[in-house]
K.L.:
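Quick one: the structure is below, questions incoming.
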Number of protein chains: 2
Amino acid sequence: MIGRLNHVAIAVPDLEAAAAQYRGALGADVGPALDQPDHGVTVIFITLPNTKIELLYPLGDASPIAKFLEKNPAGGIHHICYEVDDLPAARDRLTASGARVLGDGTPKIGAHGKPVLFLHPKDFNGTLVELEEV
Amino acid sequence: MIGRLNHVAIAVPDLEAAAAQYRGALGADVGPALDQPDHGVTVIFITLPNTKIELLYPLGDASPIAKFLEKNPAGGIHHICYEVDDLPAARDRLTASGARVLGDGTPKIGAHGKPVLFLHPKDFNGTLVELEEV
């Protein structure tokens, strides 16, 4: 069912410093900072040959990333995103297996403009999993 | 400098349950459990179309994964691995930038039989980064 690993999202306490490090010390292809007010984040995409890294930084007062950084002041991996062909079918298969979907189970439009759902970390080895329909 | 994302490693408290979930609920291509005594882990590789997920479970008394699971009983993402062409050159570039390499800086043979180094999470946004020479 799951397809490609779409991205790994890393919450960072200093977006410019993290971007400079990936661009300089790690020599990666680092994009510009993009504000996404609907998601409460500023994002920088790092393009690797086979997938993407997303650097996440809080934007606005109710950012979900702010709480994560309070608990993890140095930053940390926030979530991983798997691609699926059919998000409602994936949701139904997962909930039938006993896994919990965050929110009311209705796909939202994610940071890439595509439908997404998040799965409960407690049901997936402490890992927040995003599913994105591609 | 960095190339492909080679894998995302997830420490899990129940290897068989995690494998069954990735095989069943997530419908992924899940390999057999492989003991790696030199690394203190039992590993299951999950092959996605563009990269791999590694499920890690402690093996033996001195497993680095046991300590991680003590702190994170539900499991969690343990590290991410980037590929590089020339590991000594990558190490020298990173240490010149001020980043710390774990251990004495000498590449070890990693879980895939290739030379690896780990970078200090405090220097990389709270993320343990493995570099693998391919």
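Below, read A as the first sequence line, B as the second, and so on, with proteins coming before strands; counting in each chain starts at 1. For the numbers below, each heavy atom of this structure counts, side chains included, while hydrogens, waters and symmetry mates do not.
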K.L.:
Any donor and acceptor pair, going by atom type alone, linking the side chain of Ser63(B) with main-chain N or O of Gly40(B) inside 3.5 Å?
P.N.:
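Between the backbone of Gly40(B) and the side chain of Ser63(B) there is a qualifying donor-acceptor contact (under 3.5 Å).
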
K.L.:
Return the minimal non-hydrogen interatomic distance between Pro13(B) and Asn125(A), and the atom names on each side.
P.N.:
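Closest approach of Pro13(B) to Asn125(A), heavy atoms only: CD-OD1, 4.0 Å.
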
K.L.:
Does atom CG of Asp85(A) have more than 12 heavy-atom neighbours, drawn from other residues, nucleotides or ligands, at distances under 6.0 Å?
P.N.:
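Not buried by this count: 12 neighbours or fewer within 6.0 Å.
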
K.L.:
Check whether any side-chain heavy atom of Tyr82(B) sits under 4.5 Å from a side-chain heavy atom of Leu48(A), and report yes or no.
P.N.:
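The answer is yes, as the side chains (C-beta and beyond) meet within the 4.5 Å cut-off.
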
K.L.:
Pick one of side chain, backbone, both or neither for Ile77(B), based on which atoms fall under 4.5 Å of a heavy atom in chain A.
P.N.:
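Contact with chain A involves both backbone and side-chain atoms of Ile77(B).
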
K.L.:
Report the option among Ala18(B), Gly24(B), Gly75(B) that has the most heavy-atom pairs separated by less than 4.5 Å from atoms of chain A.
P.N.:
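Winner by heavy-atom pair count: Gly75(B).
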
K.L.:
Does Lys52(A) offer a backbone N or O that forms a donor-acceptor pair with the side chain of Thr47(A) under 3.5 Å?
P.N.:
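Checked: no pair found.
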
K.L.:
So which heavy atom on Ala19(B) is nearest to which on Leu55(B), and how close?
P.N.:
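Taking Ala19(B) first and Leu55(B) second, the nearest heavy atoms are N-CD1, 3.9 Å.
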
K.L.:
Side chain, backbone, both or neither: which part of Phe124(B) has a heavy atom under 4.5 Å from chain A?
P.N.:
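Phe124(B) touches chain A through backbone and side-chain heavy atoms alike.
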
K.L.:
Which pair of non-hydrogen atoms, one from Arg4(A) and one from Asn50(A), has the smallest distance, and what is that distance?
P.N.:
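For Arg4(A) versus Asn50(A), the nearest heavy atoms are NH2-O, 2.9 Å.
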
K.L.:
Hey, which of Ala28(A), Pro73(A), Ala25(A) has the most heavy atom pairs under 4.5 Å with chain B?
P.N.:
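With the most close heavy-atom pairs to chain B, the winner is Ala25(A).
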
K.L.:
Checking Ala17(B) against chain A: side chain, backbone, both or neither under 4.5 Å from a heavy atom?
P.N.:
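Neither part.
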
K.L.:
Suppose a student defines contact as a heavy atom less than 4.5 Å from any heavy atom of chain A. Which residues in residues 92-112 of chain B would they list?
P.N.:
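Arg93(B), Leu94(B), Ser97(B) fall under the 4.5 Å cut-off.
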
K.L.:
Tell me, for Ile10(A) versus chain B, whether the close heavy atoms (under 4.5 Å) come from the side chain, the backbone, both or neither.
P.N.:
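The side chain, not the backbone.
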
K.L.:
For chain B, which residues from residues 126-134 of chain A have at least one heavy atom closer than 4.5 Å to it?
P.N.:
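The residues closer than 4.5 Å to chain B, in numerical order, are Gly126(A), Thr127(A).
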
K.L.:
Output, in order, the C-alpha distance, side-chain angles, deciding distance and verdict of side chain to side chain contact (heavy atoms under 4.5 Å, CB included) for Leu15(A) and Thr42(A).
P.N.:
CA-CA 8 Å; Leu15(A) 192 57; Thr42(A) 300; 3.5 Å; yes

K.L.:
For the candidates Ile2(B), Val8(B), Val84(B), which exhibits the highest count of non-hydrogen atom pairs separated by less than 4.5 Å from chain A?
P.N.:
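Option with the top pair count is Ile2(B).
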
K.L.:
Mind listing the closest non-hydrogen atom pair of Pro49(B) and Gly3(A) along with its distance?
P.N.:
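Closest approach of Pro49(B) to Gly3(A): CD-O, 3.2 Å.
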
K.L.:
Check whether any side-chain heavy atom of Leu56(B) lies under 4.5 Å from a side-chain heavy atom of Phe68(B), and answer yes or no.
P.N.:
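No. Closest side-chain heavy atoms not under 4.5 Å.
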
K.L.:
Quick one: what part of Asn72(B) sits under 4.5 Å from any heavy atom of chain A, side chain, backbone, both or neither?
P.N.:
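For Asn72(B), there is no contact with chain A at all, as no heavy atom is under 4.5 Å.
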
